[in-house]
Q: 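This is the structure, below, for whatever I ask next.
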Amino acid sequence: MRRIFSISSLLNKGSIQRRVSNKYLVNAIRPYSEDLSSPKSPGPLLQYRKLVEQGRLQHDPYQERVALALENLLGRLEQYEKEMEDYHIKLAEWEKNRETERRKLLMEEAELNQRGDLWTSVNKRKSELLERWSFRRKSEDIEPGVGKWVSYLNREKKLDSLVGRRPTAPPAPKGLYIYGNVGSGKTMLMDMFYSATEGIVKHRQRFHFHEAMLKINEAMHKLWKNQVEEKSIQSSISSWIMNLPFDMKAKEWLAAEERYKQEVQMKNILPAVADKFLVDRQAGERGASILCFDEIQAVDVFAIVALSGIVSRLLSTGTVLVSTSNRAPKDLNQDGMQREIFLKFVNKLEKHCEIILDGSEVDYRRQIAQRSVDKVHYFWPLDGTALKEFEKMWCQVINQAGGEVTSSTVPVMFGRTLEVPQSCNGVARFTFDYLCGRPVGAADYIAVAKSHHTVFISDIPVMSMRIRDKARRFITLIDELYNHHCCLFCSAATSIDDLFQGTEEGTLFDLESFQFETETEGAKLRRDVLAEGSVSSGGAPAGITSMLSGQEEMFAFRRAVSRLIEMQTPLYLEGVRSLHPYFQRKHQSFKNCSYSASTVHHQ
């Protein structure tokens with residue numbers, strides 16, 4: 001039986017003693033003991049070389065090459081940030097002038113339409129109350145047509161001549177697309193770069209694939225909902241048109257033209273999501289934007305269409321992309337789904353990013369686990385001895401956590417919640433079937449991972465085609481527990497290396513893991529997952545199909561195995577307290593309390 005690594009250091013307030021000597025080298029694991037959130041974090045190359053000198057990383061020429069490329073990119077960002085600040089000032093002034101001139105043109109056209117119209121004399125006899133009622137009723141019936149499209153284009157041309165074309169953004173530095181085998185250190189290096197951009201670039205986002213897809217779904221749903229309701233559009237029209245010195249027919253014409261302009265802008269929903277959500281640019285703030293995207297995948301039609309539309313938009317508007325993947329860009333789409341859209345996406349990536357291979361054949365996660373003194377949190381097989389040790393560890397962790405074990409619920413998204421059968425001060429326990437045998441997905445696993453620093457999962461079976469959907473969910477679950485840096489305890493039927501056993505019956509896939517989620521309706525989650533379909537701007541996607549190839553699943557299995565192995569190592573466990581959201585929230589609360597106390601004392 002494996003020796004047990006005490007996690008009291010994770011739950012107590014004391015510091016964590018290091019259990020890894022210099023001879024235990026690791027390259028794929030993030031440098032957890034370093035405080036990389038500091039605004040003065042060194043560049044990725046300096047961080048990497050420092051860790052090699054300390055003996056915490058084994059030198060790898062591929063990793064050093066990637067770190068050097070990231071360092072060079074970081075050096076170009078400071079100047080680019082200043083250039084983008086100037087650009088956004090000019091852009092804001094241009095947008096303000098263009099809107100002013102556009103309204104002038106609309107008023108001139110409305111005045112021309114009003115002259116000589118017999119309807120005007122009739123309209124003058126109506127009361128103000130009747131005018132307002134008529135405006136609201138008739139404006140709803142106005143449908144944009146070819147004439148409105150022509151007048152819209154003519155007006156845009158006039159605006160170009162009056163105000164000039166949109167200011168040109170400064171050329172952005174080329175980003176990086178890093179690909180390679182599992183455990184080769186891609187995510188570690190990208191996170192070093194991301195931490196170093198703090199204080200240099202204002203607008204920074206880091207997403208893992210599952211989280212990004214969910215956020216894109218949520219943002220698209222909100223935009224679609226606004227389109228249907230049109231409340232915000234109607235109120236914005238009424239606010240300035242109703243007070244103009246024109247008759248009601250002219251006002252109706254103005255309202256229709258204004259609405260048509262809004263609808264034209266809303267038709268391209270993916271660029272709208274990119275502009276308003278992923279960049280996370282607040283009003284009044286200027287500057288460059290960075291998107292770090294971990295584990296880019298092309299698992300289904302929606303992923304291809306969404307990634308193509310949003311990433312292409314961000315790259316076209318000056319966002320610098322740094323991403324990781326197991327595949328080169330051209331090899332992402334093994335099944336040929338939406339080939340034309342996918343090829344445009346690849347061309348955009350190759351134009352705006354340097355494609356660089358992290359070509360190490362070594363899985364450093366496995367290497368550090370083999371050299372580590374303690375093998376800790378994975379208990380197998382499901383016999384009396386292993387189960388007894390698993391239960392013993394559960395009792396030990398609960399005693400350290402303090403408090404009473406109860407059931408609880410965690411918020412998911414779109415008004416949904418997930419029940420946690422056993423929970424105690426950030427520690428949770430589930431069975432495999434509860435988490436992976438039901439129609440749940442990445443959103444549920446993210447909610448669990450954010451709310452609990454320690455997770456116990458019991459009765460994990462051998463994965464085969466007979467339970468292929470459960471296998472896909474389990475891989476997604478491990479991804480999110482790892483991404484949020486949870487401490488994981490497992491009881492399983494077999495060793496980690498033998499956990500995934502595919503057969504020749506077909507490929508493993510899980511339609512539920514990649515479904516499009518929308519808001520709760522009648523206490524049930526509505527899922528639009530059909531056999532075929534595409535994403536349009538007029539409503540929810542007609543369908544999403546998971547079409548994973550066997551080779552794609554092989555990558556997913558290898559990644560899950562590699563991460564399960566790393567999550568047992570003392571070096572990983574040491575980072576739980578500093579990196580998990582549960583402890584980060586407590587640390588922030590402590591800082592706030594300390595600040596309040598010092599303020600009161602000073603007063």
Side-chain angles (χ1 to χ4, degrees), residues 1-5 7 19-20 24 26-30 181-185 187 295 326 361-383 385-391 393-394 429-433 435-437 445 449 454-468 470-503 508 510 550 552-573 575-576:
M1 181 53 58
R2 290 149 173 75
R3 296 176 60 188
I4 306 302
F5 175 71
I7 68 161
R19 293 195 171 209
V20 182
Y24 303 138
V26 55
N27 285 59
I29 303 181
R30 287 161 282 184
N181 292 325
V182 297
S184 59
T187 299
E295 300 288 354
N326 293 128
E361 296 294 331
V362 180
D363 183 346
Y364 287 103
R365 296 188 183 110
R366 185 181 294 274
Q367 187 179 95
I368 186 61
Q370 290 171 348
R371 296 178 177 178
S372 183
V373 174
D374 296 308
K375 300 288 184 71
V376 285
H377 291 169
Y378 190 91
F379 302 89
W380 67 278
L382 296 176
D383 60 13
T385 304
L387 293 179
K388 183 178 179 181
E389 292 293 335
F390 183 77
E391 293 297 331
M393 177 56 73
W394 165 253
R429 180 168 177 171
F430 305 90
T431 64
F432 173 86
D433 280 335
L435 285 178
C436 304
Y445 303 145
T454 302
V455 176
F456 283 73
I457 305 175
S458 63
D459 304 313
I460 301 173
V462 176
M463 313 289 168
S464 67
M465 283 303 299
R466 186 174 54 84
I467 56 170
R468 57 186 179 272
K470 295 180 181 180
R472 284 301 316 176
R473 294 190 191 104
F474 184 70
I475 291 170
T476 304
L477 171 62
I478 297 302
D479 279 344
E480 294 311 323
L481 294 177
Y482 177 85
N483 291 331
H484 291 83
H485 215 100
C486 295
C487 177
L488 175 64
F489 292 88
C490 300
S491 70
T494 186
S495 67
I496 294 177
D497 285 323
D498 296 328
L499 200 55
F500 300 104
Q501 307 214 347
T503 71
L508 296 181
D510 176 18
E552 190 68 39
E553 288 171 346
M554 191 181 302
F555 276 125
F557 297 157
R558 288 171 57 195
R559 184 178 69 246
V561 167
S562 180
R563 289 179 170 180
L564 277 170
I565 290 172
E566 180 187 342
M567 293 170 82
Q568 298 182 77
T569 62
L571 190 59
Y572 173 91
L573 295 171
V576 173

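The figures here come from the full heavy-atom set of this structure, side chains too, leaving out hydrogens, waters and symmetry mates. This is a predicted model, so every value here is computed, not measured.
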Q: Please give me the minimum heavy-atom distance between Pro381 and Ala493, naming the atom from each residue.
A: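 Nearest heavy atoms, Pro381 then Ala493: CB-O, 3.5 Å.
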
Q: Could you check whether any side-chain heavy atom of Met463 comes within less than 4.5 Å of a side-chain heavy atom of Phe557, counting everything from C-beta outward?
A: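 Met463 does not reach Phe557 side chain to side chain.
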
Q: Do Met567 and Val576 have side chains that get closer than 4.5 Å, going by heavy atoms?
A: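 The answer is no; the side chains never approach within 4.5 Å.
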
Q: Grab the two heavy atoms, one from Phe474 and one from Phe432, that are nearest each other, plus how far apart they are.
A: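 In this case the closest contact between Phe474 and Phe432 is CD1-CE1, 3.7 Å.
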
Q: Grab the two heavy atoms, one from Leu499 and one from Pro461, that are nearest each other, plus how far apart they are.
A: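 Answer, listing the atom of Leu499 first, then Pro461: CD1-O, 3.5 Å.
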
Q: Arg563 versus Leu481: any side-chain heavy-atom pair under 4.5 Å?
A: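 No, every pair of side-chain atoms sits at 4.5 Å or beyond.
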
Q: Under the 3.5 angstrom rule, does the side chain of Ser491 hit a backbone N or O of Asp459 as a donor-acceptor pair?
A: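 Yes, the answer is positive, given that a donor and an acceptor are paired below the 3.5 Å cut-off.
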
Q: What are the two closest heavy atoms between Thr569 and Ile565, and how far apart are they?
A: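 Distance-wise, the nearest heavy atoms are CG2-O, 3.7 Å.
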
Q: Ignoring hydrogens, what is the shortest heavy-atom contact between Ala449 and Cys486? Give both atom names and the distance.
A: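 So the minimum-distance heavy-atom pair works out to O-SG, 3.5 Å.
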
Q: Any non-hydrogen side-chain atom of Asp433 less than 4.5 Å from a side-chain atom of Lys470?
A: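 A side-chain contact exists here, since the closest heavy-atom pair is under 4.5 Å.
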
Q: If you measure from CZ on Phe456 to NE2 on His377, what distance do you get to the nearest 0.5 Å?
A: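 Output value for this atom pair is 7.5 Å.
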
Q: When rounded to the nearest 0.5 angstrom, what is the spacing between CD1 in Ile496 and SG in Cys490?
A: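 With rounding to 0.5 Å, CD1 (Ile496) is 7.5 Å from SG (Cys490).
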
Q: Leu488 versus Ile478: any side-chain heavy-atom pair under 4.5 Å?
A: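 They are in contact (side-chain heavy atoms under 4.5 Å apart), so the answer is yes.
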
Q: Roughly how far, to the nearest 0.5 Å, is CZ of Phe379 from OG of Ser458?
A: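 Those atoms lie 12.5 Å apart.
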
Q: Kindly indicate whether the side chain of Arg472, heavy atoms from C-beta on, has any atom under 4.5 Å from the side chain of Ile475.
A: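 Sidechains of Ile475 and Arg472: in contact.
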
Q: Taking the side chain as every heavy atom from C-beta outward, state whether Glu295 and Asn326 have any atom pair closer than 4.5 Å.
A: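 Side-chain contact under 4.5 Å: yes.
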
Q: What distance separates Leu564 CG from Ile460 CD1, expressed to the nearest 0.5 Å?
A: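 The distance works out to 7.5 Å.
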
Q: Going by heavy atoms in the side chains, are Asp498 and Val462 under 4.5 Å from each other?
A: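 Asp498 does not reach Val462 side chain to side chain.
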
Q: Between His485 and Tyr572, is there a donor-acceptor pair closer than 3.5 Å when you use the side chain of the first and the backbone of the second?
A: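 Such a contact is found between His485 side chain and Tyr572 backbone.
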
Q: Using 0.5 Å steps for rounding, measure from the OH atom of Tyr445 to the CG atom of Asn483.
A: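 Atom-to-atom, Tyr445:OH and Asn483:CG are 14.5 Å apart.
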
Q: Check Cys436 against Leu477 and note the closest heavy-atom contact, atom names and distance.
A: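 Of all heavy-atom pairs spanning Cys436 and Leu477, the closest is SG-CD2, 4.1 Å.
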
